[in-house]
Each structure stands twice: as C-alpha cells, then as structure tokens.
Amino acid sequence: MTEILVTPKPGFCIKTSTQNEVLWGDLGKTVPKNVKIFINICYHDSIPAPTPTSSSNLPVVLSSIRPDTDKAGSPAITLEAVLHPDVKSRILRNQDVKIDVAEAALLKIEEHVANGLSLGRKLGTPNLASKGKLVPRKVAVSTSRLDHDNQQKPLIEEMKALPEPKKSILKPSTVQNAGLTDVFSWRWAKTDQGKLEVRIRIPSSLTKSQIEATSLLIEPRRLILTLPAQPAELDINLNKSDAEIVTTSSSSSSGYLTPSKGETEGDETQRLLQLKRQRPFNVEDAHAEWRIATSTLTVTL
C-alpha cells in the first residue's frame, strides 16, 4: 500500500455526532460523546465504480481527518468520504440513493476507527457542497496497481465489501403501499421565535431497540423519517412542485394528532403546500426530541 494525493469534486455535506466516547487513533486522543462530525461526500474517478445493479455495496475511501469547529466555535471533526462519480449520477436520477451513500460513509468511518465508535443516524445536511475548501487529500492505494500499467490511471484499492445495510430506507414504490396514514401523522407550526416545528406521531408499540434503529434525515427542503421496524417512511419533500404535491400526497387529516397552538390543520396536501412556502429548514441548528410518553417526535428547524 502507498499513499497518493487526489483532489475530489464536492457533492454534499452531512453532519452527525459521536454517540459514545472513543479513542480515535488518527487523532491520537479520545473523542468525547456528542462531538459533531462533518463528512464531505465527494467524488473522484480513481475510486472503483459500484456495481451497476447495487446501491448497498458502495466503494468508499476516506481522507485523513482533521480537527475543526462548528459555526458556534465548538470542537468538531471533518473528513471526506470519496466515491466514484457514477454515484453522483445515480443520486441525480434517484435522491433516495443519497441516503444509501450517507449510510455507507458512516459504516466506513465506524469500521476505520473501530474501538466501538458509534455515529448517530439522525443526520443533518448543511446547505454546503463541502465544509471547507476541498484540497488534495491523501488516500491509500495498492502499489501493485500503480505498477501494473503505467498508461492506466491508478485505481484506489477497493476496500472489503461493506456489510449489507439494514433496510432503513424504503423505495417510493414500496412506501406508497405501506399504509403510512396508519403509521404516521404530522403537523407543523411556526414558534414565537420564528422556528419551524414539525410534530410527528410515532407508533406507541416501538421497543427501545426499534427506536434506536430509527433514522431521521434533514435537508433544507426535505425531512425523511424511517422506521425499519414497521417498515415505513415519512417523506416531507418540499422540493416537489405544487402539482406533484397535490398528485402524490395523502388525504389524511392527521386525525391522530389534536392540533396544538399555532399548528396547521387540513389534510396533508394543504399542510405540505403551506410548509413549502416557509423558509428552508435550518439544518445546522435542527433539534429533535422524542417524547415516549406521548409517542411524538418533535423536530425544531
């Protein structure tokens, strides 16, 4: 193995945090719980391309990590997860692939650090192509491949296959038939402080392990909540046109949730259209609170 420099092209940034205190070998120190991790998802054509029919086994190469800070000045960690440009093309065709990419990056980091590192699956997506400027980064490559053919661009060594991810994301065709109105109901409101608050009713039958397996992905114009245990997915997608919202959204009136002060009423179509006309979600400062006693998840944006 040897190291070469690559300058990846930016894709998008995801934010997570450490769920436990762990010795992080690359830093040579212990990283405490709840430290923010910024992962720049980016692309370089030296990375092995994924197989044409699978989005669950994505070759990922990590850059060296670097100490950083968040916008409040608190300690953070930033690194790059580099994939083949074909993955970007898949994302453009199907936004759900972005979630597969995020999960592959998280698994790769947990595998690389070892020592029992656990990263949160409640992800933020800052409105950034990358946190910080992408400069040449060192990645490990196979020496034999470098020597194999001087006329052939060296390929970064493909890491061992990632384990099959838990089926935490359902494709749209499956979700449409999942009876989601029996699983989720939701409302939103604007708080006195000007923040957007989305309140979601969650099935009360979930166990602790099922709750821990739940994932929440937040983008500036989208919120995706996935319950692998059901399985079911709530996708509040404000990137859609008004016509798409009217055509595809549910007629559910969120009868499971009694409106609180300031919360919108009406069916899902009305709620989506009203929410779409608000500002983008504040991903950087998003906060989620699961209230087990009332079976609700409140996401403040």
Side-chain angles (χ1 to χ4, degrees), residues 4-16 37-65 78-112 119 121 123-141 145 152-162 164-165 168-173 215 217-224 226 233 235 237-241 244 280-281 283-284:
I4 64 170
L5 290 175
V6 300
T7 304
K9 295 182 179 179
F12 59 97
C13 180
I14 60 176
K15 180 184 71 174
T16 182
I37 311 291
F38 294 92
I39 307 168
N40 292 325
I41 304 295
C42 44
Y43 310 101
H44 195 277
D45 57 11
S46 294
I47 309 299
T51 57
T53 59
S54 174
S55 60
S56 62
N57 187 13
L58 301 172
V60 180
V61 174
L62 303 177
S63 73
S64 54
I65 68 172
T78 299
L79 74 162
E80 280 73 48
V82 193
L83 300 97
H84 191 275
D86 280 0
V87 177
K88 181 179 181 180
S89 301
R90 293 188 185 188
I91 291 174
L92 293 175
R93 294 193 299 268
N94 181 358
Q95 284 292 305
D96 287 333
V97 175
K98 183 182 286 188
I99 303 173
D100 296 328
V101 169
E103 179 65 14
L106 294 172
L107 287 170
K108 179 58 68 178
I109 295 169
E110 291 173 335
E111 176 188 85
H112 172 74
L119 297 176
R121 263 45 180 187
L123 305 179
T125 53
N127 194 20
L128 304 167
S130 67
K131 189 176 190 301
K133 182 179 179 181
L134 293 183
V135 298
R137 303 288 182 196
K138 288 183 179 180
V139 295
V141 300
R145 291 193 180 189
Q152 183 180 21
K153 183 179 292 186
L155 292 176
I156 294 174
E157 182 178 42
E158 182 172 357
M159 304 299 183
K160 65 182 181 180
L162 292 172
E164 188 74 17
S168 59
I169 300 300
L170 300 178
K171 303 309 176 191
S173 59
S215 65
L217 177 65
I218 302 172
E219 300 177 357
R221 303 294 293 170
R222 195 172 188 182
L223 184 154
I224 303 174
T226 305
E233 177 186 275
D235 186 351
N237 188 356
L238 307 180
N239 294 309
K240 292 181 178 181
S241 67
E244 287 178 299
F281 298 150
V283 176
E284 185 71 19

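Keep in mind that what you see is a predicted model, and the values were worked out from it rather than measured.
Gln95 CD to Ile224 CD1: the interatomic distance, rounded to the nearest 0.5 Å, is 8.5 Å. A distance of 13.5 Å separates CG of Leu119 from NZ of Lys108, quoted to the nearest 0.5 Å. For the atom pair CG (Asn40) and CD (Glu80), the distance works out to 4.5 Å, reported to the nearest 0.5 Å. Here NZ of Lys240 is found 6.5 Å from CG of Asp235. Values are rounded to the nearest 0.5 Å. The CD1 atom of Ile37 lies 12.0 Å from the NZ atom of Lys15; values are rounded to the nearest 0.5 Å. Taking CD1 of Ile65 as the start and CD1 of Ile39 as the end, the distance is 11.0 Å to the nearest 0.5 Å.
In this structure, the side chains of Lys88 and Lys9 stay at 4.5 Å or more apart for every pair of heavy atoms. Residues Val283 and Asn127 fail the side-chain proximity criterion, which asks for heavy atoms closer than 4.5 Å. Asp96 has its side chain out of reach of Asp100: every pair of non-hydrogen atoms, C-beta onward, lies at least 4.5 Å apart. With a 4.5 Å cut-off on side-chain heavy atoms, Glu103 and Ser215 do not count as touching. Within the 4.5 Å cutoff, no side-chain heavy atoms of Val101 are placed close to those of Val60.
When each of Leu217, Thr16, Leu106 is tested with Arg121 by the rule side chain to side chain contact (heavy atoms under 4.5 Å, CB included), just one qualifies, namely Leu106. Paired with Cys42 under the rule side chain to side chain contact (heavy atoms under 4.5 Å, CB included), one option of Val82, Thr7, Ile47 passes, and it is Val82.
Closest non-hydrogen pair, Pro59 versus Ala49, comes out as CG-O, 4.3 Å. A pairwise comparison of heavy atoms in Phe281 and Glu219 identifies CD1-O, 3.3 Å as the closest pair. Scanning both residues, Pro126 and Cys13, for their nearest heavy atoms gives CD-O, 3.5 Å. Phe12 approaches Lys98 most closely through the heavy-atom pair CZ-CG, 3.3 Å. When all heavy atoms are compared, the tightest approach of His84 to Tyr43 is O-CD2, 3.6 Å. In plain terms, the two heavy atoms of Ser64 and Leu79 that are nearest each other are O-CB, 4.2 Å.
At least one donor-acceptor pair under 3.5 Å links the side chain of Thr125 to the backbone N or O of Ile218.
Taking Thr78 as the reference, Asp68 meet the side-chain hydrogen bond (donor to acceptor under 3.5 Å, both in side chains) condition, with sequence neighbours excluded.
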